[in-house]
Amino acid sequence: MSFNRKPGGSADSGPPIGSVLSNLPPHLSAFGTPAEPGEATGTALLFVSTYCSHCIDLLPHIDAMTRNHPSFSFRLFSAGDTDDHQSMVEYFGWTFPVCSLDQSDMEAYFAVTYLPFVILVDDSGKVAAKGVIYNAEEFEQIVKDYARQALAR
């Protein structure tokens with residue numbers, strides 16, 4: 001992965017739990033709109049790079065994540081080009097948005113410094129859980145953190 005490691009480790013990556021994602025440019029600010037039919041109760045923001053082997057390994061797991069959690073609206077932010085994204089969408093049959101976002105913008109707008117990464121945003125727009133994920137099982141652990149955060153409200 002080409003991200004420079006920051007002091008503190010992956011637990012420090014991403015916005016603080018409980019924060020609201022704000023000051024996003026217009027092409028990113030509509031991420032909370034449900035992408036799938038039905039009522040989404042939260043949003044899963046996935047961050048990958050086509051130049052990161054761990055990220056590429058995660059891609060086949062995303063289908064299981066979306067199937068197992070239909071209450072989440074998924075968005076994938078990738079540091080790849082439009083052709084890469086179109087190929088991924090066609091190959092995996094994804095129905096959620098895949099957006100180009102370079103690694104410097106991932107850090108500037110979402111404080112993401114490690115990949116692959118997920119941020120779970122609750123229905124009120126607050127960051128409820130986050131973390132580095134390498135497969136669907138690790139996503140399940142982040143969802144458990146999300147559920148604990150929801151119960152704490």
Side-chain angles (χ1 to χ4, degrees), residues 1-36 40-59 61-63 65-66 68-69 71-82 84-86 88-89 92 94-150 152-153:
M1 183 167 86
S2 62
F3 254 27
N4 292 326
R5 299 289 187 201
K6 305 293 182 205
S10 63
D12 296 331
S13 190
I17 299 294
S19 66
V20 176
L21 298 177
S22 59
N23 299 322
L24 299 177
H27 72 284
L28 299 179
S29 60
F31 72 82
T33 307
E36 291 82 29
T41 58
T43 303
L45 305 176
L46 301 166
F47 298 86
V48 300
S49 171
T50 55
Y51 307 103
C52 160
S53 62
H54 293 297
C55 299
I56 300 302
D57 292 343
L58 174 67
L59 298 178
H61 296 272
I62 295 174
D63 186 51
M65 293 159 42
T66 60
N68 292 340
H69 297 283
S71 63
F72 283 105
S73 175
F74 283 79
R75 299 286 184 280
L76 180 71
F77 295 102
S78 170
D81 63 33
T82 304
D84 291 335
H85 298 157
Q86 188 61 36
M88 288 188 291
V89 167
F92 292 109
W94 294 333
T95 59
F96 53 85
V98 177
C99 307
S100 290
L101 192 66
D102 66 41
Q103 292 178 337
S104 62
D105 286 342
M106 288 180 190
E107 184 170 1
Y109 296 122
F110 297 99
V112 170
T113 56
Y114 284 80
L115 295 176
F117 200 80
V118 64
I119 299 171
L120 299 182
V121 181
D122 66 19
D123 57 355
S124 70
K126 292 182 180 175
V127 175
K130 63 180 183 171
V132 174
I133 59 168
Y134 297 110
N135 54 50
E137 293 78 25
E138 291 180 351
F139 180 76
E140 292 300 325
Q141 185 58 50
I142 302 290
V143 171
K144 288 178 185 175
D145 294 345
Y146 174 89
R148 278 193 292 275
Q149 183 72 16
R153 282 196 275 156

Working to the nearest 0.5 angstrom, can you tell me the gap between L58 CG and I133 CD1?
4.5 Å
Is any side-chain heavy atom of Y51 closer than 4.5 Å to one of L115?
no
Nearest heavy-atom neighbours spanning H85 and G80
CE1-O, 3.3 Å
Tell me, do L45 and F110 make a side-chain contact under 4.5 Å, heavy atoms counted?
yes
Under the salt bridge (Lys or Arg N to Asp or Glu O under 4.0 Å) test, residues paired with D84 that sit two or more places apart:
none
Decide yes or no for W94 and F74: does some side-chain heavy atom of the first lie under 4.5 Å from some side-chain heavy atom of the second?
no
Any chance the rings of F72 and Y146 have centres within less than 6.0 Å?
yes
What closest approach, in Å, do S78 and T50 show between heavy atoms, and which atom pair accounts for it?
OG-CG2, 3.9 Å
Just verifying a value: how many Å separate F77 CZ and S100 OG, rounded to the nearest 0.5 Å?
10.5 Å
Sorted by chain and number, sequence neighbours left out, salt bridge (Lys or Arg N to Asp or Glu O under 4.0 Å) with D145 holds for R148
Report the distance from atom CD of E140 to atom CD of E138, rounding to the nearest 0.5 Å.
11.5 Å
Any F96 side-chain heavy atom under 4.5 Å of I62 side chain:
yes
Is there a side-chain contact between N68 and V143 in this structure, where contact means two heavy atoms from C-beta onward sitting under 4.5 Å apart?
no
Under the 3.5 angstrom rule, does the side chain of S13 hit a backbone N or O of T113 as a donor-acceptor pair?
yes
Please round to the nearest 0.5 Å and tell me the distance separating atom CE of M65 and atom CG of N135.
9.0 Å
Contacts of H61 meeting ring-ring contact (aromatic ring centres under 6.0 Å, His included) (sequence neighbours excluded), chain-then-number -> none
Would you call the rings of H69 and F139 parallel, tilted or perpendicular if under 30° counts as parallel and over 60° as perpendicular?
perpendicular
D105 to L101 - nearest heavy-atom pair and separation
CB-CD1, 3.5 Å
For the residue pair C52 and C55, what are the closest heavy atoms and their distance?
SG-SG, 2.6 Å
Test side chain to side chain contact (heavy atoms under 4.5 Å, CB included) applied to S49 and M106, step by step:
CA-CA 10 Å; S49 171; M106 288 180 190; 5.6 Å; no
Looking at every heavy atom in both Q103 and A79, which two are closest together, and how far apart are they?
CG-CB, 4.0 Å
Just wondering, do L46 and P116 contact through their side chains at under 4.5 Å, heavy atoms?
no
Under the side chain to side chain contact (heavy atoms under 4.5 Å, CB included) rule, what do V112 and I119 come out as? Steps first, then yes or no, please.
CA-CA 9 Å; V112 170; I119 299 171; 4.0 Å; yes
